[in-house]
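Presented below is the structure to which this report refers.
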Amino acid sequence: MCGGCCRRQSGPDGAPVGGGGRRRGCCGAFLAVLVLAAAAVVAFLEGTAGGVSYAGDGWLHECAKWDAEGGRFLASTFYGAGVAEVRGGEAEERVVLADPDVAGRVSLGLAVDAPRRRLLLVYADRLPRLGYAALGAYELGSWRRLFLTRLDGPGESTLPDDVAADEDGNAYVTDALGSKIWKVSPDGALLGVIRNTQRQGALHNFVGLNGIAYHPNGYLLVVHTSGGDLFKVDPRTETVRVVKVQGSLKRGDGLELLSATRLVIAGVPSRLVESSDDWETASVTGQYVGPIHRVGSSATVKDGDVYVNHVFGFGLGKKKTHVLAKAVFSPLAAAS
């Protein structure tokens, strides 16, 4: 890696020739330059974040959504198996929900169901276990639990990920391992499973269905992370169609509708997608890179601005610095 200066030199008799100090100095200088270059790249990416930076417990925060009525962001705390609130002007998160019945699990996707003043939260097993999937519903403010519904069947391997709610209060939870969608009633009854969203080939299903959003015209938009598909799903008939998208959606994660015609897909990078025909077809029209080393995992809208939650926190102390980056999308030229 360090080139000729680090190769061992020898004399005619095969004995090593001096210069070990020079070799060590050359390799040391190379590694120092490499570390400085990496640090410079990270510093540059950190500088592109903007938005909200706060201290929180743990390395991972999977999802964050804006709670307009509460005037705060709500973030799932992953290994904390709960939810923390982040308010403007405050440098540190405050844990508001930690359900003892899911201790030892992880909290993943969440949704603020504003009409019913409740929070929906997805729970899963800690990897490498894949045997637990549940959806919890809690009152915003009091945090009283409304229900905790198991989604997995006997002996089933699952990886529940994200959640969305329709206008009637039904909830839809994606399974990133089995590429299916669980449907849960407003009072917590498991109503059924929507399938037919599997890609062909193991490589395309390494991470399956991920982000999900409910469209006001009565259907779900769901992204398939490894395959790069965007599905349009009718929850009443369970009809599944592939939206014909111009541009790549691979590595797409959490979804957020900006309007009936504009969709944000968080990921690496995060993308702005637009449709003019009720999501029969669509085009990727913008992208946001930001602190890509932190990995964008969900998106939310506050006062018309898009904030991208990044799953990885950084820092040397017990508290890690987490980022909700204010995303400014760079326009992409239309493909010919």
Side-chain angles (χ1 to χ4, degrees), residues 1 30-66 73-80 84 86 91-93 106-110 124 126-127 159 161-162 176 203 206-207 210-211 223-228 247-256 264-273 284 286-302 305-332:
M1 180 177 72
F30 177 83
L31 292 174
V33 169
L34 194 64
V35 168
L36 287 173
V41 170
V42 169
F44 171 77
L45 292 172
E46 288 286 298
T48 67
V52 178
S53 177
Y54 64 96
D57 292 325
W59 292 99
L60 306 176
H61 279 25
E62 161 69 12
C63 184
K65 295 292 182 179
W66 174 247
F73 292 99
L74 296 172
S76 59
T77 58
F78 206 83
Y79 288 124
V86 181
E92 190 169 319
E93 70 180 18
V106 298
S107 57
L108 297 170
L110 61 81
R126 293 191 179 205
L127 294 175
L159 183 56
D161 187 86
D162 205 359
L203 183 63
F206 181 69
V207 180
N210 201 325
V223 71
H224 191 291
T225 296
S226 296
S248 174
L249 299 182
K250 284 184 179 292
R251 302 177 305 281
D253 200 331
L255 306 187
E256 183 77 6
V264 174
I265 302 181
V268 184
S270 296
R271 281 154 279 206
L272 178 64
V273 186
V284 179
Q287 73 172 21
Y288 169 71
V289 176
I292 198 167
H293 60 293
R294 288 181 176 267
V295 183
S297 57
S298 71
T300 191
V301 177
K302 173 184 178 288
D305 294 318
V306 176
Y307 289 79
V308 175
N309 176 73
H310 290 75
V311 68
F312 291 110
F314 285 90
L316 298 177
K318 180 181 178 182
K319 299 283 186 180
K320 310 304 176 187
T321 301
H322 293 272
V323 170
L324 283 158
K326 191 173 181 178
V328 178
F329 291 89
S330 301
L332 297 178

Give me the atom names and distance for the closest heavy-atom approach of [X] to [Y].
{"X": "L255", "Y": "D162", "answer": "N-OD2, 4.5 Å"}
{"X": "R271", "Y": "G252", "answer": "NH2-N, 3.7 Å"}
{"X": "S76", "Y": "L110", "answer": "N-CD2, 3.5 Å"}
{"X": "Q287", "Y": "L332", "answer": "CG-CD2, 4.1 Å"}
{"X": "N210", "Y": "D253", "answer": "OD1-OD1, 2.8 Å"}
{"X": "A325", "Y": "H310", "answer": "CB-CE1, 3.6 Å"}

Atom [atom1] in [X], atom [atom2] in [Y]: separation rounded to 0.5 Å?
{"X": "N309", "Y": "R294", "atom1": "CG", "atom2": "CZ", "value": "10.0 Å"}
{"X": "T300", "Y": "D305", "atom1": "OG1", "atom2": "CG", "value": "11.0 Å"}
{"X": "S248", "Y": "I265", "atom1": "OG", "atom2": "CD1", "value": "9.5 Å"}
{"X": "K319", "Y": "D57", "atom1": "NZ", "atom2": "CG", "value": "3.5 Å"}

Quiz prompt | Step-by-step side-chain contact (heavy atoms from CB on, under 4.5 Å) determination, L249 to H224 | solution = CA-CA 8 Å; L249 299 182; H224 191 291; over 6 Å; no
Within the structure provided, determine whether [X] and [Y] are in side-chain contact (heavy-atom separation under 4.5 Å).
{"X": "T321", "Y": "F314", "answer": "no"}
{"X": "E256", "Y": "K65", "answer": "yes"}
{"X": "Y79", "Y": "R126", "answer": "yes"}
{"X": "V311", "Y": "E62", "answer": "yes"}

Quiz prompt | Any residue meeting ring pair (Phe, Tyr, Trp, His ring centres under 6.0 Å) with Y54, in chain and number order, not counting sequence neighbours | solution = H322
Practice problem: Report the residues that fulfil ring pair (Phe, Tyr, Trp, His ring centres under 6.0 Å) with F73, sequence neighbours left out, ordered by chain and then residue number. | Solution: W66, Y307
Quiz item: Which residues satisfy the side chain to side chain contact (heavy atoms under 4.5 Å, CB included) test with V328, sequence neighbours excluded?
Solution: none
Quiz item: By side chain to side chain contact (heavy atoms under 4.5 Å, CB included), which residues pair with F329, not counting sequence neighbours?
Solution: V264, S270, L272, Y288, V306, A327
Practice problem: State which residues pass side-chain hydrogen bond (donor to acceptor under 3.5 Å, both in side chains) with D161; sequence neighbours excluded, sorted by chain then number. | Solution: none
Quiz item: side-chain hydrogen bond (donor to acceptor under 3.5 Å, both in side chains) with S107: which residues, sequence neighbours excluded?
Solution: none
Quiz item: Does the S53 side chain pair with the main chain of V323, one donor and one acceptor, at a distance under 3.5 Å?
Solution: no
